[in-house]
Amino acid sequence: MRRPDQQTTTRPAPEATLGTGNGTGPAGPDEAPGAGPDTPPAGARPAKPGEPSGPPAATGTPAARPGSTGAGFTGFTGEPTADGALAPYLRGQAAEFLRSLRLHHEYSAPADAGGHGAAEAARALRRAARRIGGSLHTFRAALDPHWADQLRGELAWLTGILAREHAYANRLARLVDALHLLSGPTLPAARGARAAGEAAGADAQGRAALGVGAARAAALLERRLTLARTRSHSAALQALGSSRFHAIADAVALLASEVPAPSGHAGRAAAASLLEPAELAEQRLLTAVAALPPDDTGPYNEAQDAAWHQARLLLRLHRYAHEVVLGGADPGLTAPGHALDLHRDAVEAAGAAAAAARTPRIAPATAYALGVLHADQRHGVESARAAFRETWPYATALAAP
């Protein structure tokens, strides 16, 4: 990763700054991208391969923030191609997909049904499917476009189906734990502080009022989210036994042995170098991060959540492109990615609390507890955004209002 005015992570030593692009992320929760590539960025082209991989000689290039990885292609001297980098990556992820599928079938046997092994195998299956779909999205021009679009859409459907059960279970645990903390005992006030004592008394009264409805609110959330989780589990089992899924498994099995090559001169030229689409994915991420709302907005402006979700999806696409081109993830983006995951979880938990509060004919104490829970989760959203800003390795990209 880099700043817009800093050397790119996808060229050994560029001489000029790339322009910024705009992109659309995948649709649906935790699934592979479904949007097509965007217009290539404007601006001067980066340096040709074979130039030195060290930092540029220009003195105006800003240094990387301490702790960041700087240029991600240290020691990289060649052009990554579809045959040399993309095809092995796709074959490896296809093999991981098939291995996870086999483990999922084994752990889903009646003797082991519902165990930890089946859940872990399902997560591994989703991880492989997301990486295949993300690579098909970013490097579409270097592959057979019709085949890539079709398989990417099917993988998006599969990962969306498999992710819901896990998401509902995590959401319920998060909300019940938050209710327990919010309605728990108060901390003792400081000695000799009358104002602190009055505040502690008011806080104790508020917690007592919250405790009346917290148990009912937890029971309501458990009924709603357990029902949703059960339905998602049934939908996942139905999907895994459908002819549609078997067609996906067959396509991935073929991918494990052969990656369809593009046809025509343009397709062969795109397959000769993966740097341009990888850089375009990077530019879309930088543009989305630069456009994020400033940190002085209120915690309840839910209209801004979509921009943060978009940044999370584009960060995932860039991470997968980095794995293809460099053979590994960028460690400098691990913490920002985790912060964006926490942001998504807090947003969805706040939405679940608000939806439960709209249940007809609930007691006022229950509605009050759900309102406090919603506010707590929205503050969790702000905390996640602050954590992202603190860990983002190129802070100048967040200066734009």
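On a predicted model such as this, the values are computed, not experimentally measured, just so you know.
Enclosure of atom CZ in R123 by more than 12 non-hydrogen atoms of other residues, nucleotides or ligands within 6.0 angstrom is indicated. Counted within 6.0 Å of NE2 on H246, heavy atoms from surrounding residues, nucleotides or ligands total more than 12; the atom is thus considered enclosed.
Annotation: the span from L275 atom CG to E282 atom CD amounts to 11.0 Å, rounded to 0.5 Å. Within the model, atoms CG of L162 and OG of S232 stand 10.5 Å from one another, a figure rounded to the nearest 0.5 Å. Going from atom CG of L313 over to atom CZ of R284 covers 11.5 Å, rounded to the nearest 0.5 Å. The distance from the CG atom of L286 to the CH2 atom of W392 is 5.5 Å, given to the nearest 0.5 Å. Between E276 atom CD and Q283 atom CD the span is 11.5 Å, to the nearest 0.5 Å.
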Distance-only donor-acceptor hits, side chain of residues 143-151, under 3.5 Å, sequence neighbours excluded:
unit_1	atom_1	unit_2	atom_2	d
D144	OD1	H146	N	3.3
D149	OD1	R140	NE	2.8
D149	OD1	R152	NH2	3.4
D149	OD2	R140	NE	3.1
D149	OD2	R140	NH2	2.9

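Contact of the L175 side chain with the L225 side chain is registered, since non-hydrogen atoms from C-beta on lie closer than 4.5 Å. No side-chain heavy atom of L274 sits less than 4.5 Å from a side-chain heavy atom of Y89. Side chains of R385 and E382 form a contact here, defined as non-hydrogen atoms less than 4.5 Å apart. For the pair L285/L317, no side-chain contact is recorded, criterion being any heavy-atom separation below 4.5 Å from C-beta on. In this structure, the side chains of T359 and T366 stay at 4.5 Å or more apart for every pair of heavy atoms.
The two residues A253 and L98 make their nearest non-hydrogen contact at CA-CD1, 3.8 Å. Scanning all heavy atoms of the two residues, the minimum distance from L155 to G133 falls at CD1-N, 3.9 Å. When all heavy atoms are compared, the tightest approach of V325 to P80 is CG1-CG, 3.6 Å. The minimum heavy-atom distance between R126 and T159, with the atom names listed, is CD-O, 3.8 Å. The shortest heavy-atom contact between A278 and F139 is N-CE2, 4.1 Å. Nearest approach of V324 to A85, heavy atoms of both residues: O-CB, 3.6 Å.
Partner of L333 under the side chain to side chain contact (heavy atoms under 4.5 Å, CB included) criterion, out of H338, H322, H318, R316: H318 alone.
Counting only residues at least two apart or on different chains, the salt bridge (Lys or Arg N to Asp or Glu O under 4.0 Å) pairs with a member in residues 236-263 are E154-R244.
For the pair E96 and R130, the salt-bridge criterion is not met [side-chain N within less than 4.0 Å of a carboxylate O]. At a threshold of 4.0 Å, the pair R378-D305 counts as salt-bridged, since one of the basic side-chain nitrogens sits closer than that to a carboxylate oxygen.
Listed by chain and residue number, nothing satisfies the side chain to side chain donor-acceptor pair (under 3.5 Å) test with R229 (two or more places apart in sequence, or in another chain).
Between the side chain of H374 and the backbone N or O of G351 there is no donor-acceptor pair closer than 3.5 Å. Side chain of S257 to main chain of L254: a donor-acceptor pair is present (N/O by atom type, distance under 3.5 Å, no hydrogens or angles).
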| task | Start with the C-alpha distance between R91 and L255, add both sets of side-chain angles, then the distance that settles side-chain contact (heavy atoms from CB on, under 4.5 Å), and finish with yes or no. | result | CA-CA 6 Å; R91 286 195 294 265; L255 177 62; 5.7 Å; no
| request: Start with the C-alpha gap between I362 and L220, add the side-chain angles, then the distance that decides, and say whether side-chain contact (heavy atoms from CB on, under 4.5 Å) holds. | output: CA-CA 9 Å; I362 61 174; L220 176 60; 4.2 Å; yes
| query | Does the side-chain contact (heavy atoms from CB on, under 4.5 Å) test come out yes or no for L314 and V289, once each step is laid out? | reply | CA-CA 9 Å; L314 292 176; V289 170; over 6 Å; no
| task | Just do the side-chain hydrogen bond (donor to acceptor under 3.5 Å, both in side chains) check on R344 and H309 with the steps written out, would you? | result | CA-CA 7 Å; R344 177 205 56 185; H309 293 329; over 6 Å; no
| task | Carefully, step by step, assess L125 and L103 under the rule side-chain contact (heavy atoms from CB on, under 4.5 Å). | result | CA-CA 9 Å; L125 188 68; L103 291 176; over 6 Å; no
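In this structure, a donor-acceptor pair under 3.5 Å is present between the side chains of H233 and E165.
Ring orientation note: the planes of W308 and F388 are nearly perpendicular, at an angle over 60° on the 30°/60° scale.
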